[in-house]
*Asks:* 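Got a structure for you, written out below as structure tokens; questions coming shortly.
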Amino acid sequence: MISLPDVRGKLLRDEPLGPFTWFRVGGKADALFIPADPDDLADFLKALDPAVPVTVLGVGSNVIVRDGGVEGVVIRLAGRPFAGITTEGETITAGAGALDSMVAKASAKAGLAGLEFYAGIPGTIGGALTMNAGCYGAETKDILVSAWGLTRAGERVEYQLADFGYTYRHSQAPTDIIWIEATYRGTPDDPEAVAARIAEITSRREQTQPIREKTGGSTFKNPPGHSSWKLVDEAGWRSKLFRATGGGAMFSELHSNFMINPGEATAADIEGLGEAVRADVLAKTGVQLDWEIKRIGRTA
């Protein structure tokens, strides 16, 4: 059993992670830490044995936790200390645990345009920073000013936009940084006009994505010159059930780049489906599909 420092937040051993993910699958964390605030997290990281792996889990909207669970410590940034949103002039500052959609709504209230697309991303600011999240023609790099976080050693680091080296769904920032807060810049606009655009994005998402299913968002990145959903669809995988160890998983009838757990899927079913589709699409078209969903943990 790994030795863990004292904390002010919650520290749970052998905690099931499935309930923390949108797919509702996956094994246990050796330890799950929900820090009380950024200082609690920094102190924990400084005292934790450097050999112990650390994994950050947001709202679990874009992740598969494998059935064998996750080694080391899983950190979840939850609650007000990590989810605050404030506006000042043309800037919005949000905690890494804040929902992207709530940041979009805050921008509308403040009369700031440019962040509307965040209403279409089912995740948190921490995840958006890590992967340059975007949709509907806009990306995080278009609005970000700066962010700060903690290294694996618990030291504070600050990044300006240029430091991220953003490209499509990718950041050059070290992967072990735990982002705490980000600042964005919007463009002054009529609050009602911004809210109307957010409502349009929300409506479009509800009509075209299986948001009420157990899903994980977009499965694959779009390859250059292609749409992933078309490649999956044309290969015949829309609504086709795939089983590995459980009840099976499938790509949604509504959107064929969204995998769903229709009932009793295991993580092996879901990840296996993705890998089967990748292999099939490559064999049929020569196009390589790359995962957008993050996969973490041990196989069963």
Side-chain angles (χ1 to χ4, degrees), residues 22-23 58-62 83-145 161 166-169 182-223 225-233 238-239 251-260 292-293:
W22 284 27
F23 277 123
V59 289
S61 60
N62 194 238
I85 304 171
T86 59
T87 59
E88 182 177 351
E90 297 181 4
T91 63
I92 295 179
T93 298
L99 293 173
D100 300 326
S101 60
M102 295 304 294
V103 175
K105 290 177 181 178
S107 74
K109 187 175 180 180
L112 293 174
L115 288 83
E116 294 94 333
F117 73 96
Y118 265 7
I121 300 175
T124 59
I125 292 302
L129 289 171
T130 299
M131 66 178 295
N132 186 25
C135 62
Y136 304 131
E139 296 178 300
T140 296
K141 70 177 180 59
D142 301 328
I143 51 172
L144 182 68
V145 176
L161 171 60
Y166 278 139
T167 52
Y168 175 62
R169 301 296 178 268
T183 297
Y184 301 93
R185 186 176 304 281
T187 304
D189 199 351
D190 175 59
E192 292 186 2
V194 179
R197 291 193 291 272
I198 289 174
E200 182 181 350
I201 289 172
T202 302
S203 175
R204 179 178 173 184
R205 181 168 170 254
E206 290 176 348
Q207 293 172 21
T208 61
Q209 299 176 11
I211 61 174
R212 290 176 178 81
E213 302 277 3
K214 290 182 280 189
T215 185
S218 294
T219 302
F220 304 120
K221 302 173 185 178
N222 287 322
H226 297 274
S227 294
S228 290
W229 75 266
K230 287 185 179 179
L231 292 167
V232 174
D233 201 23
R238 187 189 291 260
S239 300
F251 277 86
S252 169
E253 172 67 28
L254 191 60
H255 194 309
S256 54
N257 194 30
F258 280 63
M259 291 191 294
I260 61 171
E292 184 167 322
I293 289 178

*Asks:* Output yes when a side-chain donor or acceptor of D100 lies under 3.5 Å from a complementary backbone atom of A128, and no otherwise.
*Replies:*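 Not at all, since once roles are kept as given, no pair shorter than 3.5 Å links the two residues.
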*Asks:* In plain terms, say whether E116 and R197 are close enough for a salt bridge, that is, a side-chain N and a carboxylate O under 4.0 Å apart.
*Replies:*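 R197 and E116: salt-bridged.
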*Asks:* Could you check if a side-chain atom of I125 sits within less than 4.5 angstrom of a side-chain atom of Y184, using non-hydrogen atoms only?
*Replies:*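 They are in contact (side-chain heavy atoms under 4.5 Å apart), so the answer is yes.
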*Asks:* Is there any ring pair (Phe, Tyr, Trp, His ring centres under 6.0 Å) pair reaching into residues 192-218, and which pairs are they, with sequence neighbours excluded?
*Replies:*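 Listed once each, the pairs would be none.
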*Asks:* Any side-chain heavy atom of I260 within less than 4.5 Å of one from K214?
*Replies:*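 Heavy-atom side-chain distance check fails, nothing below 4.5 Å.
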*Asks:* Specify the closest pair of heavy atoms between I198 and S107, including all atoms of both residues, with the distance to one decimal.
*Replies:*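 Taking every non-hydrogen atom into account, CD1-OG, 4.4 Å.
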*Asks:* Evaluate K141 against L161 for side chain to side chain contact (heavy atoms under 4.5 Å, CB included), listing each step before the verdict.
*Replies:* CA-CA 7 Å; K141 70 177 180 59; L161 171 60; 4.2 Å; yes
*Asks:* Nearest 0.5 Å, what's the CD1-OG distance between I121 and S61?
*Replies:*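 Going from CD1 on I121 over to OG on S61, the span is 9.5 Å.
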*Asks:* Between atom CZ of R205 and atom NE2 of H255, what is the distance when rounded to the nearest 0.5 Å?
*Replies:*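 Between R205 CZ and H255 NE2, I get 11.0 Å after rounding to 0.5 Å.
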*Asks:* Donor-acceptor pair, Y168 side chain versus N132 backbone, under 3.5 Å?
*Replies:*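 Between the backbone of N132 and the side chain of Y168 there is no qualifying donor-acceptor contact (under 3.5 Å).
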*Asks:* As an exercise, state the distance from CZ of R169 to OG1 of T130, rounded to the nearest 0.5 Å.
*Replies:*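 Going from CZ on R169 over to OG1 on T130, the span is 13.0 Å.
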*Asks:* Verify whether one side chain among E206 and T202 offers a donor that lies under 3.5 Å from an acceptor in the other.
*Replies:*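 No, no side-chain donor-acceptor contact under 3.5 Å.
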*Asks:* Got a sec, which residues hit ring pair (Phe, Tyr, Trp, His ring centres under 6.0 Å) with F117, two or more places apart in sequence or on another chain?
*Replies:*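 Partners of F117 under the ring pair (Phe, Tyr, Trp, His ring centres under 6.0 Å) test: none.
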*Asks:* Mind listing the closest non-hydrogen atom pair of R238 and S252 along with its distance?
*Replies:*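 It is CG-O, 3.5 Å.
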*Asks:* For L99 and V59, work out which heavy atoms get closest and say how close.
*Replies:*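 Answer, listing the atom of L99 first, then V59: CD2-CG1, 3.8 Å.
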*Asks:* For V194 and L112, work out which heavy atoms get closest and say how close.
*Replies:*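 Closest approach of V194 to L112, heavy atoms only: CG1-O, 3.7 Å.
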*Asks:* Sequence neighbours left out, what passes salt bridge (Lys or Arg N to Asp or Glu O under 4.0 Å) with E213? Give chain and number order.
*Replies:*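 With neighbours one apart ignored, the set is empty.
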*Asks:* Is it the case that the side chain of N62 and the backbone of G217 share a donor-acceptor pair, with hydrogens and angles ignored and the cut-off at 3.5 Å?
*Replies:*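 No, because the side chain of N62 does not come within donor-acceptor range (under 3.5 Å) of the backbone of G217.
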*Asks:* So, T183 versus T93: side-chain donor-acceptor pair below 3.5 Å or not?
*Replies:*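 Looking only at side-chain atoms, T93 and T183 do form a donor-acceptor pair, the distance falling under 3.5 Å.
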*Asks:* Decide yes or no for F220 and E292: does some side-chain heavy atom of the first lie under 4.5 Å from some side-chain heavy atom of the second?
*Replies:*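 A side-chain contact is absent here, since even the closest heavy-atom pair is not under 4.5 Å.
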*Asks:* Any non-hydrogen side-chain atom of R204 less than 4.5 Å from a side-chain atom of Q209?
*Replies:*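 Heavy-atom side-chain distance check fails, nothing below 4.5 Å.
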*Asks:* Ignoring hydrogens and geometry, is there a side-chain-to-backbone donor-acceptor pair from T91 to E88 under 3.5 Å?
*Replies:*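 Yes.
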*Asks:* Side chains of S218 and F258: does their closest heavy-atom pair fall under 4.5 Å?
*Replies:*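 Yes. Closest side-chain heavy atoms under 4.5 Å.
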*Asks:* Taking all atoms of both residues into account, what is the closest heavy-atom pair of A106 and I92, and its distance?
*Replies:*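 A106 and I92 have their closest heavy atoms at C-CD1, 4.5 Å.
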*Asks:* Could you give the distance from CG (D233) to NZ (K230), rounded to the nearest 0.5 Å?
*Replies:*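 Rounded to the nearest 0.5 Å, the CG-NZ separation comes to 10.0 Å.
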*Asks:* A side-chain contact here means heavy atoms from C-beta on lying under 4.5 Å apart; do T219 and W229 qualify?
*Replies:*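 With C-beta onward as the side chain, the pair stays apart.
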*Asks:* Are the side chain of H226 and the backbone N or O of S228 linked by a donor-acceptor pair below 3.5 Å?
*Replies:*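 No, because the side chain of H226 does not come within donor-acceptor range (under 3.5 Å) of the backbone of S228.
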*Asks:* Would you mind reporting whether F23 and I293 have side-chain heavy atoms less than 4.5 Å apart?
*Replies:*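 SC-SC contact between I293 and F23 confirmed.
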*Asks:* Could you verify whether a donor N or O on one side chain and an acceptor N or O on the other, from Y118 and T140, lie under 3.5 Å apart?
*Replies:*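 Per modelled atom types, Y118 and T140 side chains form a pair under 3.5 Å.
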*Asks:* Does any part of the side chain of I143, heavy atoms only, come nearer than 4.5 Å to the side chain of R185, both counted from C-beta?
*Replies:*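 Sidechains of I143 and R185: no contact.
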*Asks:* Quick check for you: to the nearest 0.5 Å, what is the distance between N222 atom CG and S227 atom OG?
*Replies:*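 N222 CG to S227 OG: 5.0 Å, rounded to 0.5 Å.
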*Asks:* For the residue pair L231 and P223, what are the closest heavy atoms and their distance?
*Replies:*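 It is CD1-CG, 4.0 Å.
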